[in-house]
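Notes for the one structure printed next.
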Amino acid sequence: MNVRDAKALRVAALATPTDLKPNAVRDISGALNILLADVFVLYLKTKNFHWHVSGPHFRDYHLLLDEQAEQIFATTDPIAERVRKLGGTTLRSVGQIGRLQRVLDNDADFVTPLDMLAELRDDNKQLVANLRETHGLCDEQGDVATASLLEVWIDEAERRTWFLFEAARHAESPR
């Protein structure tokens, strides 16, 4: 067996059967992998802020961010498994996440609690837009199963956006 044959066998072993056209598998898998990278980054940023939040609303923000991080992380496996169900391949490394991510990291030594909430609100709002864009691609390609999953994740991200907005708004207003 030569190198070319060995490479073909490795690729063939991952070729999950699907009725979607190859370009649909490529495009939807690519879009889902970018979303997956964003979700991993948003998860880590949310946990970062959960670990480092401080101030008079510490308990409320700490618990809110932990709850949101759990919800975000819970989407990672279904996204990756959807890519595989379609016949695509998914993320393999932190380096690949770094190359694909659109959500920006925050490595600051200190971030105020209200800035944390605002940044995560904006990141979740952008994630909603990216989820909707991917939903449109799925509609174009007739992938109703992925579109259905995306609808749930859109709703969850909208709820996170709303909670972050309200938490920051009420913290800013005089009592």
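All figures in this text were calculated on a predicted structure; none of them were measured in a lab. We count residues from 1, following the sequence as given.
- Although no hydrogens or angles enter the test, the distance criterion places a donor-acceptor pair under 3.5 Å between the side chain of H52 and the main chain of N48.
- Checking side-chain atoms of N106 against main-chain N and O of A108 turns up a donor-acceptor pair under 3.5 Å.
- Cluster membership for L131 and V152, using ILVMFWY side-chain heavy atoms within less than 4.5 angstrom, is shared.
- For H62, the ring-ring contact (aromatic ring centres under 6.0 Å, His included) test picks out H50, F58, with sequence neighbours left out.
- In this structure, L150 and L35 approach most closely via the heavy-atom pair CD2-CD1, 3.9 Å.
- The distance from atom CG of L91 to atom CZ of R99, rounded to the nearest 0.5 Å, is 9.5 Å.
- Closest approach of A157 and V128 over heavy atoms only: CB-CG2, 3.5 Å.
- Residues P113 and F49 have side chains not in contact (no heavy-atom distance under 4.5 Å, counting atoms from C-beta outward).
- Sorted by first and then second residue, the salt bridge (charged side-chain N to carboxylate O under 4.0 Å, His left out) pairs involving residues 128-157 (not counting sequence neighbours) are R82-D143, R132-E158.
- Every pair tested for salt bridge (charged side-chain N to carboxylate O under 4.0 Å, His left out) that includes a residue from residues 14-26 fails, sequence neighbours excluded, so the list is empty.
- F40 is linked by a ring-ring contact (aromatic ring centres under 6.0 Å, His included) to nothing, counting only residues two or more places apart in sequence or in another chain.
- For the pair A31 and L137, the tightest heavy-atom approach, listed with the atom from each and the gap, is CB-CD2, 3.9 Å.
- Scanning for side-chain contact (heavy atoms from CB on, under 4.5 Å) contacts around A118 gives R121, with sequence neighbours left out.
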query = Between W153 and I72, does a side-chain contact (heavy atoms from CB on, under 4.5 Å) hold up when you go through it step by step?
reply = CA-CA 9 Å; W153 300 328; I72 293 164; over 6 Å; no
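- Looking at N124, its side chain never comes within 3.5 Å of a backbone N or O of R160 through a donor-acceptor pair.
- What you find for T16 and K85 is that their closest heavy atoms are CG2-O, 3.8 Å.
- Look at D123 and K45 and you find a salt bridge, because one of the NZ, NE, NH1 or NH2 atoms lies within 4.0 Å of a carboxylate O, short of that distance.
- To the nearest 0.5 Å, atoms CG (L86) and SG (C138) are separated by 7.5 Å.
- The backbone N or O of S29 lies less than 3.5 Å from a partner atom in the side chain of N33, making a donor-acceptor pair.
- Both L114 and W162 are part of a single hydrophobic cluster, where members link through side-chain heavy atoms under 4.5 Å apart.
- Here the shortest heavy-atom pairing between A147 and H135 reads O-CD2, 3.2 Å.
- Taking CG of L149 as the start and OG1 of T75 as the end, the distance is 10.5 Å to the nearest 0.5 Å.
- Q68 contributes no side-chain N or O that, together with a main-chain N or O of L64, makes up a donor-acceptor pair within less than 3.5 Å.
- Ion pairing of R84 with E81 is absent here, as no side-chain N (NZ or NE/NH1/NH2) approaches a carboxylate O to less than 4.0 Å.
- With hydrogens and angles disregarded, a donor-acceptor distance shorter than 3.5 Å links the side chain of T134 to the backbone of N130.
- Side-chain contact between I97 and D38 is absent, with no heavy-atom pair separated by less than 4.5 Å.
- Sorted by first and then second residue, the ring-ring contact (aromatic ring centres under 6.0 Å, His included) pairs involving residues 73-120 (not counting sequence neighbours) are Y43-F73.
- Annotation: the span from L42 atom CG to E119 atom CD amounts to 10.0 Å, rounded to 0.5 Å.
- By the 6.0 Å contact criterion, NZ on K47 is enclosed, its count of non-hydrogen atoms from other residues, nucleotides or ligands being greater than 12.
- Exactly one residue among V94, T90, T89 makes a side-chain contact (heavy atoms from CB on, under 4.5 Å) with R92. That residue is T89.
- Residue L44 holds its CG atom at 9.5 Å from CD of Q101, rounded to the nearest 0.5 Å.
- The minimum heavy-atom distance linking L65 with L120 is given by the pair CD2-CD1, 3.5 Å.
- A donor atom on one side chain and an acceptor atom on the other are not found under 3.5 Å apart for Q126 and D122.
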